[in-house]
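Below is one structure, written out as structure tokens; comments come after it.
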Amino acid sequence: MLGIVEIFIALVASLLILQFLKLQWMRSQLPPGPVPLPVIGNLWLLDFKLRRETLTKLTSIYGNIYTVWMGQTPVVILNGYKAVKEGIITHSEETSGRPLTPFYRDMMGEKGIFLTSGHTWKQQRRFGMTVIRSLGLGKNNLERQIQTEAHHLLDIFANTKGKPFDPRTFIVHAIANIICAVVFGHRFSSEDESFSKLIKAIYFVIYFQATIWGRMYDAFPWLMHHFPGPHQEVFAFNDFMHNLVMNEVHAHEREKAGDPQDLIDFYLAQIEKTKDDPTSTFNKDNMVQTVVDLLLGGTETTSTTLLWALLYMVKYPEIQERVHREIEAALDPSHLISYEDRKKLPYTNAVIHETLRYSNITSVGVPRQCMRNTTLMGFHIKKGTLLLPNLHSVVYDAEHWETPWKFNPNHFLDLDGNFVNKEAFLPFSAGHRVCLGEQMARVELFIFFTNLLRAFTFQLPEGVKEINMEYILGAILQPHPYKLRAIPR
Ligand code: HEM
């Protein structure tokens, strides 16, 4: 007679075998890839993360489209410019969905722009884009706001008097204030406590999911939701952010202005305008989440790219020197730098593009979900399948970049030194779901970088010879903290 333990073991073994067979059958319907194991899929092989290095290795084995299993969930990975283009540009509509992980579902829900799909996403995104575009015009000029913040930053850097300092906090505050002006209609002083807490909240919410706790939450959501741990602190930061936005909304409602001046003004007017439309998704929940999405999307991204840019300048002084010479020759010292000036500064513009390519802060990019059955690279992909257009594999695609693993501004210059656009330049992704803040980020990066390089020579602190150029892995690839000296020119 079998004992209870033997029966239990036999039961578990049969379940595992059944699951293994089921996975083999499911695999046959998907692009090839490493064999998934019951429960853990390929997590073991992937070291529990979608690292760019691991995906490159798998590409050399399985080609430019393959499947990996994040536990029980298959994710189809597209690699290289050709496959990514077919996925997100040629089949833009079919691949425009966004999967909602348990962590984000419990924290924010399916609201706003970043985490929605279908009708809600289309309405919220279109509206957000229209508002950002219209804020660029007229007296509430977005470019003027960016110039003002850049000048504040110049003053702060000048006050360091050539002594070594960590530029991170100053840069993050300046960039955060631009998006605050867009959504709230005002900037914050650096001493403002709620501003400091907002910056901290943005940081925690962005970087948490890539931590072991974030991945544990996605694997065991019910359990984690009811247990203490750092994830509860992130939920509290998220609540703080939502409350801060809600307070701003109340203030806007009390002080109703004439013409709309910022995103909240525009959104409140839109809720009123569409209140009798049954297809409208304009309501306070989506408004608050849209504002939060813009704060999250518009702060760490641009500021981290700028931090990489300064790091490259101290690492490659000969490139910095060439940027200085170009700016000096093309711009008067008192000239107010505008985005239009990039046409006079092809080399500087190429350095900024190369920074975006080489630092590629979103690494392998952001997952998508198929909204309809489709065919990609000859494989039938079912509605609901998760996709990862691997952006790293595009901006480092050896077929499109002469020296992908070298910081080389010549990637964006022709033989006569003219600036050239590159089709495989996709750090902002592409297609219907391309980064909503791309234009804003481009203007910010150009105006900040050019102002800083006109005013200062950046150097390592005395005695420091080595710089750590490795990234810190997270939802955004950050440089290790560093100090530099800003020597006035
Ligand atoms: C260097 C700066 C930036 C980089 C490299 C960057 C990159 C990206 C990438 C790769 C995506 C994912 C697109 C996809 O799903 O394929 C994205 C989405 C997004 N970004 Fe950015 N971004 C930057 C700056 C900004 C700024 C300044 C804002 C805010 C104004 C912003 C707001 C957003 C939003 C709201 C989305 C979600 C779009 C959607 O799901 O439809 N980003 N960004």
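Both counts, for ligands and for their atoms, begin at 1 and track the order of listing.
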Take atom 21 (Fe) of ligand 1 and tell me which protein N, O or S atoms are nearer than 2.8 Å.
Cys435 SG
Is atom NZ of Lys111 surrounded by more than 12 heavy atoms (other residues, nucleotides or ligands) closer than 6.0 Å?
yes
Quick check: Phe103 with His231 (ring centres under 6.0 Å apart)?
no
Please state which protein non-hydrogen atom is closest to atom 12 (C) of ligand 1 and give its distance, to 0.1 Å?
Val366 CG2, 3.5 Å
Does some non-hydrogen atom of Leu296 fall short of 4.0 Å from ligand 1?
no
Please identify which atoms of ligand 1 are closer than 4.0 Å to at least one heavy atom of Ser429.
13 (C), 14 (C), 16 (O)
Which protein non-hydrogen atom lies closest to atom 15 (O) of ligand 1, naming both residue and atom, and how far is it?
Arg98 NH1, 2.8 Å
Trp121 heavy atoms within 4.0 Å reach ligand 1 at atoms 39 (C), 40 (O), 41 (O)
Would you please indicate yes or no on a ring centroid separation below 6.0 angstrom for Phe165 and Phe157?
yes
Is the positively charged end of Arg342 above the ring of Phe446, judged by distance under 6.0 angstrom from the centroid and angle within 45° of the axis?
no
Within the 6.0 Å centroid threshold, strictly below: Phe235 and Tyr217
yes
Should we count CD of Glu470 as having more than 12 external heavy atoms under 6.0 Å?
no
Residue Leu391 vicinity, atoms of ligand 1 by number, heavy atom under 4.0 Å
10 (C)
Under 3.5 Å: N/O of Thr302 near N/O of ligand 1
no
Are Arg51 and Thr56 close enough that some pair of their side-chain heavy atoms sits under 4.5 Å apart?
no
Ring centres of Phe114 and Tyr104 under 6.0 Å apart?
no
Tell me if the centroids of the rings in His186 and Phe188 come within less than 6.0 Å of each other.
yes
When you measure from the centre of the six-membered ring of Tyr396, is the NZ or CZ of Arg52 under 6.0 Å away and within 45° of the axis?
yes
Can you check which of Gly431, Gly112, Pro427 brings a heavy atom nearest to atom 10 (C) of ligand 1?
Pro427
Charged N-O contact under 4.0 Å between Arg322 and Glu326
no
To which protein heavy atom is atom 38 (C) of ligand 1 closest, and what is the distance rounded to 0.1 Å?
Arg125 NH1, 3.5 Å
Any N/O pair Thr305/ligand 1 closer than 3.5 Å
no
So, is Glu444 polar-close to ligand 1, with some N/O to N/O distance under 3.5 Å?
no
Contact atoms of ligand 1, heavy-atom distance to Met440 under 4.0 Å
30 (C)
List every atom of ligand 1 that sits less than 4.0 Å from any heavy atom of Ile113, numbering the atoms from 1 in the order shown and giving each element.
39 (C), 40 (O), 41 (O)
I'd like to check whether Asp293 has a polar contact with ligand 1, where a contact means an N/O of the residue lying under 3.5 Å from an N/O of the ligand.
no
Is the Phe425 to Phe412 ring centre distance short of 6.0 Å?
yes
Side chain proximity check, Leu55 to Leu388, heavy atoms < 4.5 angstrom
yes
Winner among Arg433, Lys122, Met129 once heavy atoms are compared against atom 14 (C) of ligand 1:
Arg433
If you have a sec, work out which protein heavy atom is nearest atom 37 (C) of ligand 1 and how many Å separate them, to one decimal?
Phe114 CD1, 3.2 Å
So do Glu423 and His400 actually touch side chain to side chain, heavy atoms under 4.5 Å?
yes
Against heavy atoms of Leu356, which atoms of ligand 1 measure under 4.0 Å?
1 (C)
Quick one: are the ring centres of Trp401 and His353 less than 6.0 Å apart?
no
Using a strict 4.0 Å cut-off to heavy atoms of Ile179, name the atoms of ligand 1 that fall inside it.
30 (C)
